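Protein chains get the first letters and strands the later ones, always in sequence-line order, with residue 1 at the start of each. Remember, predicted model here, so these are calculated numbers, not experimental data.
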Amino acid sequence: MGILDLVTLIVENLARRKGRVALTAVGVIIGTAAVVLLVSLGVGLQQNAADQLGGIGDLTKIQVYPTYGEFDPNTGQPIGGTMLTDQTIADIGALPGVTAVIPQDYFQGYAQIKLDRLEGGSQMLGVGTNDLGQLGVKAQQGSLELKRGTAVVGAMVSQSFYDPRLRPGQDPPPPPDLYDKQLVLNLVKYTPDGQEVRKTVRLKVGGVLAEARDEPDWSIYIPLDELTGYNTWVTGQRIDRNKVGYNNMIVRVADLDQVLDVTEQITNLGYQAYTPQSFVQGINGFYLILQIIFGGVGAIALLVAAIGIANTMAMAILERTREIGLMKAVGATNQHVLGVFLGESAGIGFLGGLGGVALGWGLGQVANVFVLSYLAGQSAETGAPPPTVAVSTPLWLPIFALIFATIIGLISGLYPALSAATLSPIKALKYE
Amino acid sequence: MSFITITNLRKSYQMGRETVHALAGVSLNIEANSFWAVMGPSGSGKSTLMYLLGGLDRPSSGQIQVGQQAIESLDENALAVYRRRTIGFIFQSFNLIASLSALDNVAFPLRFARVPRRQRHARAYELLVRVGLGDRIHHKPTELSGGQQQRVAVARALVNNPQLILADEPTGNLDTASGTAIMELLSDLHKSGRTVLVVTHDPRMTSYATHTVQLLDGRIVSETSRD
Ligand SMILES: Nc1ncnc2c1ncn2[C@@H]1O[C@H](COP(=O)(O)OP(=O)(O)O)[C@@H](O)[C@H]1O
Ligand SMILES: [Mg+2]
């Protein structure tokens, strides 16, 4: 008996007992569907969370701040704090795995921005690199290169523009396209006696950032030394970074695995260091546990189905005792009988698995349509971004579920098939 | 040299504290192409003899030599091959598979014999024609009379072209006319060169048989041959 003959016999045996096979397979269908649907739900929730967190694409970024000591009430000077100085850049840069240390500072005055008849305002940042790509941001227009006299603006900066001469009842103008435009910045400061002093600066927009759902969205980036120049103008004092320090630094690490380690070392140097990675790891861990719990619930359903299969196979063997006796009388070996009955129960598992995968996947799609339209309505009310996906089935899941269901079938058939194979032929033939 | 040599064959069953001797020392020489009627009252050991000869059960002691093979010393797999190649069994209760057509029932043993599907059906069809059921090949057992069912079983017993046909009360469940038809069929098999052993209570069978053996309490009490 060749393997093909065995498979045909199994398929034909299943086909001539359609009702019984279908009834048993229902258990497997439900179990497999539960596994597929619940794990898909877990995966979907995780993807959703990742989307909602602004696609925390850049986990190799560490944000470093100085620590602020207490103020001495007598002198008014801070004591015990740490500053971010040029020495800090050297110290952190020397840590293994660190690829870049980029100091940042904010403009300390007020900048009014003009573009034709529109006015806007955003915070202005100076960064100590001429490649903004090192901050982990992406450009939607233009380049990330910072040159003297140019600026790179965040995705939402154009939203801050309005028409000051807009009359009541008029529609506001659409946000302007800032790319490649010449911005006129009116820097404003006040003298100690309350006099307003203005300084006009022209900046060409060399690039517009893609939306990051983070601080960069509302920022205008210029080279750090230019910003230092403007701040000198605002404060009227030369800025010595070894005395006042930088506002903060962005530290880039070569390898994801090193991020937490480097963060800890920076903290040990006496600075405050933050990375989204510890947060994301927590989130991922949570969803992994969720998937395991969901998968476990499904697996329990499958195990219950397995008992169903074992029961059906045991019943089938009782019903077909004489058939087994006959198989042996006409020359089937014990292995033939074992193969046929194992194959049948694996077949029931496989068929149930197929049905379950189809059902679980289908239910997931239906859930997506309903849940998403419901949540879209909800987020329209709250203003939060709508979720993109509720249930997501990765390709490995149906394949795994199908194999798992088949193995469950095989295992549940093991005992009944073994007892069928070792049945004495004459006892089987005499069975009523 | 006989085709089958049975020597001092015993089969005992333990029933609680009692030992039942289904066969209590049977010796028999069966020549190739002979036709034996095995007779005797119920419980005399006829079925037991057939099962042991057919390799469906193992003797408690004694030898069964069929052709070159000592059946009592074959292992499980060799015994299965012996049943497949050498033996055609016919049972009183037909033992057809209810959900299969006559054609598939006849072809069933070939599934374990590496015969291609097309050939299986061709051979099964040929045999059904030979037992007079060429127009019933797609009928299920329940759609056939008892006599027709037993003819399907005879065709099935022949499908592997065995040398030895063992029939345990093949006419026991049949009316007289159907029984006669089966007897003629078995007689034809004998005439075509096979060795046939039939357990029967019907004295008419002895007129077809070349030999008749009478069993009582697991022993041979008489053995007659017609030539
Ligand atoms: N499995 C068994 N267990 C116990 N006794 C059995 C078994 N099979 C047969 N016997 C006994 O062996 C004897 C012969 O049985 P059997 O060969 O079936 O007789 P026959 O076919 O001539 O009616 C009977 O007494 C029967 O009760
Ligand atoms: Mg009997």
Side-chain angles (χ1 to χ4, degrees), chain A residues 1-23 312 315-344 417-432, chain B residues 11 13 22 47-52 54-58 74-101 104-117 119-120 140-141 153 156-162 166 168:
Chain A
M1 187 178 206
I3 187 79
L4 201 69
D5 283 335
L6 180 66
V7 172
T8 354
L9 178 56
I10 289 163
V11 170
E12 285 174 24
N13 279 351
L14 290 174
R16 69 187 158 98
R17 311 174 75 246
K18 286 190 193 74
R20 183 60 60 93
V21 168
L23 224 56
T312 300
M315 288 293 294
I317 284 160
L318 280 187
E319 276 173 29
R320 291 158 75 191
T321 303
R322 285 167 75 99
E323 186 180 323
I324 295 166
L326 179 78
M327 283 168 81
K328 292 193 164 184
V330 300
T333 61
N334 291 0
Q335 292 92 307
H336 287 149
V337 178
L338 183 72
V340 168
F341 280 84
L342 267 188
E344 284 185 29
L418 267 174
S419 44
T422 51
L423 217 53
S424 137
I426 45 168
K427 277 200 186 124
L429 282 167
K430 284 181 184 167
Y431 182 84
E432 295 299 330
Chain B
K11 178 73 184 179
Y13 294 101
S47 293
T48 305
L49 178 63
M50 300 301 255
Y51 292 144
L52 292 180
L56 284 171
D57 206 355
R58 289 178 181 281
L74 294 179
D75 68 19
E76 285 283 314
N77 281 345
L79 215 49
V81 174
Y82 165 74
R83 295 195 289 260
R84 186 190 309 156
R85 296 230 180 107
T86 313
I87 305 295
F89 245 108
I90 300 162
F91 305 92
Q92 179 175 357
S93 52
F94 322 139
N95 277 325
L96 298 176
I97 298 174
S99 50
L100 295 184
S101 68
D104 285 331
N105 263 296
V106 174
F108 188 72
L110 295 177
R111 288 183 171 279
F112 308 103
R114 285 189 178 273
V115 176
R117 184 189 174 82
Q119 233 167 297
R120 293 204 291 256
K140 296 277 168 66
R156 181 181 62 195
L158 293 175
V159 79
N160 271 316
N161 197 23
L166 300 175
D168 192 356

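Between chain A and the options Asn160(B), Leu100(B), Ile87(B), Leu56(B), the largest number of non-hydrogen pairs under 4.5 Å is found for Leu56(B). For the set Leu326(A), Thr333(A), Leu6(A), Leu4(A), the entry with the most heavy-atom pairs within less than 4.5 Å of chain B is Leu326(A). With chain A as the partner, the residue from Arg117(B), Arg114(B), Glu76(B) showing the most heavy-atom pairs under 4.5 Å is Arg114(B). Chosen from Ala329(A), Gly325(A), Pro425(A), the residue pairing most often with chain B at heavy-atom distances under 4.5 Å is Ala329(A).
In this view, Phe112(B) and His336(A), Phe108(B) satisfy the ring-ring contact (aromatic ring centres under 6.0 Å, His included) rule, not counting sequence neighbours.
Counting heavy atoms from C-beta on, the side chains of Phe341(A) and Arg320(A) come closer than 4.5 Å.
Contact of Arg58(B) with chain A is not made at all, since no heavy-atom distance falls under 4.5 Å. Contact annotation for Ser93(B): both backbone and side-chain heavy atoms come within less than 4.5 Å of a heavy atom of chain A.
Side-chain contact, Asn334(A) with Lys328(A): a donor N or O sits under 3.5 Å from an acceptor N or O.
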Evaluate the salt bridge (Lys or Arg N to Asp or Glu O under 4.0 Å) criterion for residues Glu344(A) and Arg20(A): first the C-alpha distance (whole Å), next the side-chain angles of each, then the deciding distance (0.1 Å), finally the verdict.
CA-CA 12 Å; Glu344(A) 284 185 29; Arg20(A) 183 60 60 93; over 6 Å; no
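Environment of CZ in Arg85(B): sparse, with no more than 12 heavy atoms of neighbouring residues, nucleotides or ligands closer than 6.0 Å.
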